[in-house]
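Following: one structure in structure tokens, then a few remarks.
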Amino acid sequence: MAAAGPTPLRVGFVGAGRMAEAIAQGLIRAGKVEAQHVLASAPTDRGLCHFRALGCQTTHSNQEVLQSCSLIIFATKPHVLPAVLAEVAPVVTAKHILVSLAAGVSLSVLEEEGAIVMARGRHAGNSETKLLQNLLEACGQCEEVPEAYIDIHTGLSGSGVAFVCTFSEALAEGAIKMGMPSGLAHRIAAQTLLGTGKMLLQQGQHPAQLRTDVCTPGGTTIYGLHALEQGGLRAATMSAVEAATCRAKELGRK
């Protein structure tokens, strides 16, 4: 008689926003979790359609997610999370690993409901942290950080997606102004951002070094950089990250 294999990891999503969908897709595509072992909950069917398209299980019961899964990812709006935690508290056990994606929600709030999160609370151990890192690395870079960095990360990476999209749009519109077709301009702008990001990560260079490497004396790039400095791009970007970080902290205080 053959020995039984290890129990497959079951991942639950409470809340079905865009970030939750992206994480689920990344885990499934990387082979970290099978789609049939992902269970997502949301109040309406509309919020679950993307999970169903991935082949995941869905429900309207938050408690069912905890009763069926060991790793739970809360992807609700920040102001909704405390009520959701209170709702599921009766079915939380010591075997659960609870993770929050909600901006501005502190570890102390989560720990009142027995939660374990990536920025370690009092109950998070090395094994839980390593498991979560291994899973989330399928979706990109994943690091353990002090809780004080979480709101800054929200301003830099969470909100940064919108900032980068705005810059990509502006790049393309500059090319459109000079006569390039819109579709082609937007594809090239997006590919330029993708290629630059890969070079920075793979080569481990400071952005200033890569910027210097592509600037030739009297060339096109230095003229363009001068125009960006005149427009205050650097200061405006720093202010955007600061504003988003401060807002995340405000949400936490509320």
Side-chain angles (χ1 to χ4, degrees), residues 9-24 27 33 37-52 56-125 127-129 131-133 135-136 139 142 144-155 157-159 244-254:
L9 176 66
R10 294 186 60 86
V11 179
F13 289 87
V14 176
R18 294 295 297 274
M19 185 173 291
E21 295 164 10
I23 291 175
L27 295 178
V33 181
H37 295 145
V38 174
L39 176 63
S41 65
T44 66
D45 288 338
R46 180 180 179 183
L48 297 168
C49 59
H50 292 290
F51 279 91
R52 290 172 178 166
C56 303
Q57 304 297 310
T58 62
T59 179
H60 296 308
S61 169
N62 294 331
Q63 287 198 356
E64 182 182 347
V65 175
L66 276 88
Q67 291 167 339
S68 302
C69 304
S70 56
L71 174 60
I72 312 298
I73 298 176
F74 291 92
T76 66
K77 297 293 184 182
H79 69 280
V80 173
L81 184 56
V84 171
L85 290 173
E87 175 193 347
V88 302
V91 293
V92 173
T93 71
K95 296 181 180 179
H96 282 111
I97 301 174
L98 307 185
V99 182
S100 170
L101 303 179
V105 178
S106 68
L107 291 179
S108 61
V109 171
L110 294 170
E111 286 176 346
E112 288 174 0
E113 305 299 338
I116 303 172
V117 294
M118 184 63 187
R120 297 194 195 191
R122 292 170 296 173
H123 311 294
S127 60
E128 290 87 4
T129 300
L131 171 64
L132 188 57
Q133 283 182 310
L135 289 172
L136 295 184
C139 307
C142 178
E144 181 184 1
V145 299
E147 184 182 6
Y149 293 1
I150 297 297
D151 289 334
I152 303 173
H153 179 269
T154 298
S157 182
S159 300
T245 300
C246 290
R247 179 55 178 162
K249 291 180 179 179
E250 289 175 4
L251 291 172
R253 288 194 293 268
K254 292 180 181 180

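All figures in this text were calculated on a predicted structure; none of them were measured in a lab.
Here the closest heavy-atom approach between residue Val33 and residue Leu9 is recorded as CG1-O, 3.9 Å. When every heavy atom of Gly15 is checked against every heavy atom of Ala20, the shortest pair comes out as O-CB, 3.9 Å. Scanning all heavy atoms of the two residues, the minimum distance from Ser41 to Val14 falls at OG-CA, 3.5 Å. For the residue pair His50 and Glu21, the shortest heavy atom distance occurs at CD2-OE2, 3.3 Å. When all heavy atoms of Thr59 and Leu48 are compared, the closest pair comes out as O-CD1, 3.6 Å. Nearest heavy atoms, Ser159 versus Ala244: OG-CB, 3.6 Å.
The side-chain heavy atoms of Val91 and His96, taken from C-beta on, include no pair separated by under 4.5 Å. Two residues are said to be in side-chain contact when any heavy atoms from C-beta on lie closer than 4.5 Å; Ser68 and Arg10 meet this criterion. Side-chain contact check for Asn62 versus Val84: some heavy-atom pair is nearer than 4.5 Å. Contact annotation: the side chain of Phe13 approaches that of Val38 to within less than 4.5 Å [non-hydrogen atoms, C-beta and beyond].
Residue pairs meeting the salt bridge (charged side-chain N to carboxylate O under 4.0 Å, His left out) criterion with at least one member in residues 40-49, sequence neighbours excluded: Asp45-Arg52.
How far CD of Glu87 is from CG of Leu66: 9.5 Å, rounded to the nearest 0.5 Å. In this structure, OG1 on Thr76 lies 4.0 Å from CG on Leu81, to the nearest 0.5 angstrom.
Checked against side-chain contact (heavy atoms from CB on, under 4.5 Å), Gln57 has the following partners two or more places apart in sequence or in another chain: Leu39.
Between Val99 and the options Ile23, Ile72, Leu71, a side chain to side chain contact (heavy atoms under 4.5 Å, CB included) holds for only Leu71.
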